[in-house]
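Quick note on labels: first sequence line is chain A, next is B, and so on, each numbered from 1. These values consider heavy atoms only, across backbone and side chains, with no hydrogens, waters or symmetry-generated copies. The structure displayed is predicted, hence computed values, not measured ones.
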Amino acid sequence: MGDYKPQEIEAKWQKRWEENRVFETEADVADVEEVASGRWQAGREEKGSQDPPSHIEGGAPRKKPKYYVLEMLPYPSGTLHMGHMRNYTIGDVVARVKRMRGFNVIHPMGWDAFGLPAENAAIKNRTHPRTWTNNNIAEFQRVLRRFGFSYDWRREISTCEPEYYRWNQWFFLRMLERGIAYKKKSRVNWCPKCCTVLANEQVVNGGFCWRHEDTRVEAREIEQWFLKTTAYADQLLNDLQEMEGSWPDRVIAMQRNWIGKSTGAKVWFEIAGEEKKTQDPGLEDEPGAPAQSSQRREAERNQRIEIFTTRIDTIYGASAVILAPNHPLVGSLLAARAEDAEAGQKSGHYTAEGRDKKLAEMKVTSVKGEDIATAEKDGFFTGRYAINPFNGEKVPIWVGNFVLMEYGTGAIMAVPAHDERDNEFARKFGLSIPVVVVPAKERTNAEAKEEEHRGRGDTGAGGSRVGGADAAQAGAPVPQLFTEYGISVNSGAYSGLKSEEAIERMAADAEKGGFGKKETIYRLRDWGISRQRYWGTPIPVIYCEKDGMVPVPDRDLPVVLPANPKLTGEGQSPLATDPEFVNVKCPKCGGAARRDADTMDTFVDSSWYFYRYCDPHNDKMPFDPAKAGYWFPIDQYIGGITHAILHLLYSRFWCKVMRDLGLVNHKEPIARLFTQGMVQKGGVAMSKSRGNVVGAEEMAQKYGADTGRIYTLFAAPPEKDLEWSEESIEGAWRFLNRVYRLVDKHAGPAREVASGPEASLEVNEWRVASTEKERTLLRKAHQTLRRVTQDFEGRWHFNSAIAQIMELVNAIYGAEPLEDGVRPEVRKEVLELVTLMLAPMTPHLAEELWEMLGHESGLWTVGWPEFKAELAKEDEVEIPVQINGKVRGRVTVAAGASQEEVLEKAKEDAGVAMHLNGKTVRKVIFVKDKMLNLVVG
RNA sequence: GCCCGGGUGGCGGAAUGGCAGACGCUGAGGACUUAAAAUCCUCCGGGGAUUUUUCCUCAUGUGGGUUCGACUCCCACCCCGGGCACCA
């Protein structure tokens, strides 16, 4: 009759779904009350006497288990392409399957609407970031609706609205109260031409500004707001255990790596020569030394160099202490003594000027890790010495470009024999390389002694290990680099101990002696959230000359962005140039004061947005804890691997903070995480900048949304990358047409009869009354249902689910003409199964077919079909017969036949008999209904 | 360097210890048609034997191992992709 016209069908059903509010969902009343009464105290005063909110009526579903499925919210820019659509399709299939299986499903969508691109576009096009953003949102929404995703649009949020970001501010104030938010100077990427801070991504070509490619980015110290993620480092690390098995391994691994816990010890090295000076400070000042010199000495006197090491057991092998170029002690160490520089010069390496130049170079290097990682090791001797507290030896103090101020204490002890980097450094600059650990295995007693000797020899007769190359000159054999655990040698009282023991004892002794202690440090740093931008959440803080930093009182929230900013992309924060915004009265004293002109990192917005979906219009709190308690944790979160670290880590952090605030009672917000693969074209991910996108709308116009959906599901398993293929799209399109024509052809007679749940026919009635052809079809249909159900449940093998359905459709075509031997009831049953199985993936087509089959109420009103094992059961099975593991014949037997029956039949088989000829059967392996293997010899 | 993935026909991919290559794409042939499109049917890993039916053999990155039986489990290695990286 008709043709498959996806554009008409899709519009028709989208309208019906909306009219019938099919995807609107509410928290279950009973459960919400249970949660509220049982576990929640904070902020619940009003609730006690109140009736449930009007939208939770008595008719709401009761005791359906909840299911929260969520796709990462998009940043609304550019064009929606099939890469986006794949993500949303996967989520939509899950949502629809769960709905059909009787879950109370929440499936929301919103917009990550703040961010730099809006601001840049606004500068370029002379529009307002809000205009640009809202236009994009409208466009995105239109296309998402066009694909028929089952979102509850009433819950839509946009993070750039004051109704949303006021809660960012509210959270910030709570964190400020608890000391989680604090301000400190920190090193940033600074572009001297833009006069602003750059994000790491804006530093290009190994240290240049993205807008001024001839301008080198500098490291600068400026005051910024931080959130103390490090306070939760241990929790963030330990709770990862809970996610094992339900988050991808690599995401867990990446987060572990990022947090980077390492246990070791801090050790304090005194600066040599200080004691003498403290006795007689006045006399020590060199003529011509700067006036503040003695002052500096004063400060330096009690200063020791604090180093961090995970291998305190190698401390007897330390041949230098190396400081980061921007270590606070570097300046005073160098300035203190001009002649020390000469000492360095004498050692043959540097002039004072060369040294200063070098230091300046090292300091200016961008903060960005890449540059440092690839740079060659460099450094210089400061001319000063430190005392190794374990053996009292003097070791030279160096400055090295590979020592990071940001990690540990910004200073290390260099143990060249047992650390790769130190080894490289020592070889380059001729530091000695004493061996203090030897491999445990090959070590006999005699060898150990010898090793001990050699070690001593190498160390020299207690001589100072200046930056000279005496070790190398002495022609001493260069010891091998050995970085593993072993046995300590040449380590005083600790010689002979296993590394593990030595670490324990030496750390304990350092603590006793007051020159060190055990310490755990993390790679994770606090989260800097200040951005010198306009399009973000204003930081709700005011600076008053009299009262200092004053938080904006809750009642004054939100601090709203000024409507008409001056955006130039250069200079300081745009907000700072707006007097109406900046000038404000101090909330404490009423005097003149200034607002903080920075805005928050947009990762703040996305760290808790999924809670807001539970209660999107609450104007008293970020969300009602009872509602969040009902919906959380997120049962299934779906998004790209690109957010494996930052977004997910910040979200986890936020959850833990909210837990401490009493807003939630779970440890982790996301129970299961799925990271889908990218859609590629020409081997690279689709992106507007590469110009290789297949537009979502274009797709929908050409083939319809359902074809686009099923193609992305069929072409590859969801976790793998998918290479776009126009030919394969045609295949998906053909398949849907094939299904449509099949149903269309048989719909007439099918409409005349009842079937499925309406027919309430018992399994046995079907079987008794069935023809062979009917039984075969029903069997295939229910076998398919079993496998498709499995593929939807645990494994998400949508591609093989679709393949199964294709097979079933092929089988039905193969049984044509169905009029011959297949009653309309059976035809209807089989076609309904096809329709219902397709429903989560091609929802519009499925609704249309469902209607064609004679159903007046929408497909959304029915559940997932019931699998009937009786119908799926095979009557006969073909069993391969193997001789010594090779298939030599096949026998057909009744399902469930015994070993004896199968064996007897097998022996009759010509091929089998031939291979058995003249041999004895030694062993028989029989797997019922599967195979028979005869071991002969 | 360390940590994760992954290697199966011309291509995307099935098969989680039991007939390797389901399903789809491409390609070839055929039917329908005045013709084309659409649709439908058949064939499609390599080598060999049999010249019709079919049979043998090799084959899931490489080499070992476990097992009656291995794409699947174990060990070693090679290659590809991704992440992290002077992290002390």
Asks: How is R922(A) classified with respect to the nucleic acid when contacts are heavy atoms under 4.0 Å: base, sugar-phosphate, or nothing?
Replies: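 Nothing, no nucleic acid heavy atom in range.
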Asks: Taking for each residue the nucleotide of RNA chain B bearing the nearest heavy atom, is the 5' side occupied by H797(A) or by T310(A)?
Replies: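 Result: H797(A).
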Asks: Would a 4.5 Å heavy-atom cut-off, applied to side chains only, mark L785(A) and M837(A) as touching?
Replies: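 Of all side-chain heavy-atom pairs linking M837(A) with L785(A), at least one is under 4.5 Å.
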Asks: What interatomic distance, in whole Å, is found between C1' of G9(B) and the corresponding atom of G13(B)?
Replies: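 Those two atoms are separated by 11 Å.
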Asks: Would you say R795(A) has more than 12 foreign heavy atoms packed within less than 6.0 Å of its CZ?
Replies: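 Yes, the 6.0 Å shell around CZ holds more than 12 heavy atoms from other groups.
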Asks: Give the rounded distance in Å between these two atoms: CZ of R795(A) and C1' of U16(B).
Replies: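 Atom CZ in R795(A) sits about 9 Å away from atom C1' in U16(B).
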Asks: Categorize V924(A) for me: base, sugar-phosphate, or nothing, with a 4.0 angstrom heavy-atom threshold over every strand shown.
Replies: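 No contact.
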Asks: Examine C40(B): is either OP1 or OP2 under 4.0 Å from a nitrogen or oxygen in the side chain of R738(A)? Give yes or no.
Replies: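 Yes.
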Asks: Does G6(B) have OP1 or OP2 under 4.0 Å away from a side-chain N or O of K720(A)?
Replies: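 Answer no for this pair, as no side-chain N or O of K720(A) is under 4.0 Å from OP1 or OP2.
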Asks: Once you round it to whole Å, what is the distance between P of G82(B) and CD of Q676(A)?
Replies: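 It works out to 17 Å between those atoms.
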Asks: When you check the side-chain N and O atoms of R523(A) and N257(A), is any donor under 3.5 Å from an acceptor?
Replies: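 Note: R523(A) and N257(A) side chains miss the donor-acceptor criterion.
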Asks: From the list C87(B), G69(B), C25(B), which nucleotide is the closest neighbour of the side chain of L404(A)?
Replies: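 Nearest nucleotide to the side chain: C87(B).
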Asks: Answer with yes or no whether N933(A) presents, from its side chain, a donor or acceptor under 3.5 Å of a partner atom in the base of C68(B).
Replies: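 Answer yes: a donor N or O sits under 3.5 Å from an acceptor.
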Asks: Could you work out which one of C23(B), G18(B), C3(B) sits closest to the side chain of A253(A)?
Replies: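 That would be C3(B).
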Asks: Within the 4.0 Å heavy-atom criterion, would you say G731(A) contacts the bases, only the backbone, or no part of the nucleic acid?
Replies: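 It contacts sugar-phosphate atoms only.
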Asks: Below 4.0 angstrom from OP1 or OP2 of C25(B), is there any side-chain N or O of R734(A)?
Replies: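 Result: yes.
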Asks: Could you measure between the two C1' atoms, the one in A15(B) and the one in C71(B), and give it in whole Å?
Replies: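 One C1' to the other, the span is 8 Å.
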Asks: Could you tell me how far apart F714(A) (CZ) and C11(B) (C1') are, to the nearest whole angstrom?
Replies: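 Computing the F714(A):CZ to C11(B):C1' distance gives 13 Å.
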Asks: Among the candidates G18(B), C23(B), C86(B), find the nucleotide nearest to the side-chain atoms of E807(A).
Replies: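 Closest of the options to the side chain of E807(A): C23(B).
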Asks: If we take the C1' atom in both G21(B) and C58(B), what is their distance in whole Å?
Replies: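 Rounded to whole Å, the distance is 15 Å.
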Asks: Counting heavy atoms from C-beta on, name the nucleotide in C86(B), U16(B), G83(B) closest to the side chain of M254(A).
Replies: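 Looking only at side-chain atoms, M254(A) lies closest to G83(B).
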Asks: Taking OP1 and OP2 of C55(B), is either one under 4.0 Å from a side-chain nitrogen or oxygen of R888(A)?
Replies: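 Indeed not, no polar side-chain atom of R888(A) lies that close.
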Asks: Does N799(A) make a side-chain N or O approach to OP1 or OP2 of A14(B) shorter than 4.0 Å?
Replies: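 So the side chain of N799(A) is within the cut-off, an N or O lying under 4.0 Å from OP1 or OP2 of A14(B).
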Asks: Would you mind telling me which of C68(B), G13(B), C19(B) lies closest to the side-chain atoms of P717(A)?
Replies: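 Taking heavy atoms from C-beta onward, the closest nucleotide is G13(B).
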Asks: For M806(A), which contact category applies under a 4.0 Å heavy-atom criterion: base, sugar-phosphate, or nothing?
Replies: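 Sugar-phosphate: the residue M806(A), judged by heavy atoms under 4.0 Å, touches backbone atoms but no base.
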Asks: To the nearest angstrom, how far is I879(A) atom CD1 from G18(B) atom C1'?
Replies: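 I879(A) atom CD1 is separated from G18(B) atom C1' by 11 Å.
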Asks: OP1, OP2 of G6(B) versus side-chain N and O of R250(A): anything below 4.0 Å?
Replies: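 For G6(B), OP1/OP2 do not have a side-chain N/O of R250(A) under 4.0 Å.
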Asks: May I ask you to say what Q882(A) touches in the nucleic acid, namely base, sugar-phosphate or nothing, with a heavy-atom cut-off under 4.0 Å?
Replies: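 Since a base atom lies under 4.0 Å of Q882(A), the category is base.
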Asks: With heavy atoms under 4.0 Å as the rule, sort P248(A) into base, sugar-phosphate or nothing.
Replies: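 No contact at all - P248(A) keeps every heavy atom at 4.0 Å or more from the nucleic acid.
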Asks: Glycosidic conformation of G83(B), syn or anti, with 90° from 0 as the boundary?
Replies: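 G83(B): anti.
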Asks: Are E242(A) and L240(A) side-chain neighbours, meaning at least one heavy-atom pair lies under 4.5 Å?
Replies: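 Answer no - side chains too far apart.
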Asks: Classify the nucleic acid contact of S725(A) as base, sugar-phosphate or nothing, counting any heavy atom under 4.0 Å across all strands shown.
Replies: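 No contact at all - S725(A) keeps every heavy atom at 4.0 Å or more from the nucleic acid.
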Asks: A22(B) phosphate, OP1 or OP2: any side-chain N/O from R787(A) under 4.0 angstrom?
Replies: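 Answer no for this pair, as no side-chain N or O of R787(A) is under 4.0 Å from OP1 or OP2.
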Asks: In whole Å, measure the gap between the C1' atoms of G46(B) and U42(B) for me.
Replies: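 So the two C1' atoms sit 22 Å from each other.
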Asks: Is it the case that R741(A) places NZ or CZ above or below the six-membered ring of Y4(A), under 6.0 angstrom from the centre and within 45 degrees of the axis?
Replies: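 Because its charged atom misses either the 6.0 Å distance or the 45° angle limit, R741(A) does not stack over Y4(A).
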Asks: Give the rounded distance in Å between these two atoms: CD1 of I645(A) and C1' of C84(B).
Replies: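 Taking atom C1' of C84(B) as the reference, CD1 of I645(A) is at 8 Å.
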Asks: Quick one: is A85(B) close enough that its OP1 or OP2 comes under 4.0 Å of any side-chain N or O from R523(A)?
Replies: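 Affirmative; the distance criterion is met.
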Asks: Please determine, for the side chain of N810(A), which listed nucleotide (A14(B), A88(B), C23(B)) has the closest atom?
Replies: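 Out of A14(B), A88(B), C23(B), the nucleotide with an atom closest to N810(A)'s side chain is C23(B).
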Asks: For A14(B) versus C25(B), give the span between their C1' atoms, rounded off to a whole number of Å.
Replies: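 My reading of the C1' atoms in A14(B) and C25(B) gives 15 Å.
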Asks: Output the single nucleotide from C19(B), C84(B), C87(B) whose closest atom is nearest the side chain of R890(A).
Replies: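 When the side chain of R890(A) is considered, C19(B) is the closest of C19(B), C84(B), C87(B).
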Asks: Roughly, in whole Å, what's the span from CG in D3(A) to P in U39(B)?
Replies: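 Going from CG in D3(A) over to P in U39(B) covers 11 Å.
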Asks: Does the pair Y522(A) and W258(A) meet the rule for a ring pair (Phe, Tyr, Trp, His ring centres under 6.0 Å), with working shown?
Replies: CA-CA 9 Å; Y522(A) 297 89; W258(A) 188 261; over 10 Å; no
Asks: Below the 4.0 Å mark, does C86(B) have OP1 or OP2 next to a side-chain nitrogen or oxygen of K377(A)?
Replies: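 K377(A) to C86(B) OP1/OP2: no side-chain N or O under 4.0 Å.
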Asks: Can you see whether F425(A) has K377(A) sitting over its ring - NZ or CZ less than 6.0 Å from the centre and within 45° of the normal?
Replies: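 Checked: cation-pi criterion not met.
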Asks: Please report, rounded to the nearest Å, how far the P atom of G24(B) is from the CZ atom of F798(A).
Replies: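 To the nearest whole Å, that distance equals 20 Å.
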Asks: Distance check needed: C4(B) P versus L240(A) CG, whole Å only.
Replies: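 Spelled out: CG on L240(A) to P on C4(B) is 15 Å.
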Asks: Would you call K780(A) and E874(A) a salt bridge, taking side-chain N to carboxylate O under 4.0 Å as the test?
Replies: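 No salt bridge links K780(A) with E874(A).
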Asks: Suppose you measure atom C1' in A22(B) against the same atom in C77(B); what distance do you get, rounded to whole Å?
Replies: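 Nearest-Å result for A22(B) against C77(B) at atom C1': 32 Å.
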Asks: Pick the P atom in C75(B) and in C23(B), then give their distance to the nearest Å.
Replies: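 Approximately 35 Å lies between the P atom of C75(B) and that of C23(B).
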Asks: With RNA chain B as reference, determine whether Q804(A) or R421(A) sits nearer its 5' end, using the nearest nucleotide of each.
Replies: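 That would be Q804(A).
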Asks: Can you tell me, in whole Å, how much space there is between the P of C11(B) and that of G61(B)?
Replies: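 Per the computed distance, 14 Å lies between those P atoms.
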Asks: So do the side chains of L831(A) and L849(A) get within less than 4.5 Å of each other, counting heavy atoms only?
Replies: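 Counting from C-beta outward, L831(A) and L849(A) never come under 4.5 Å.
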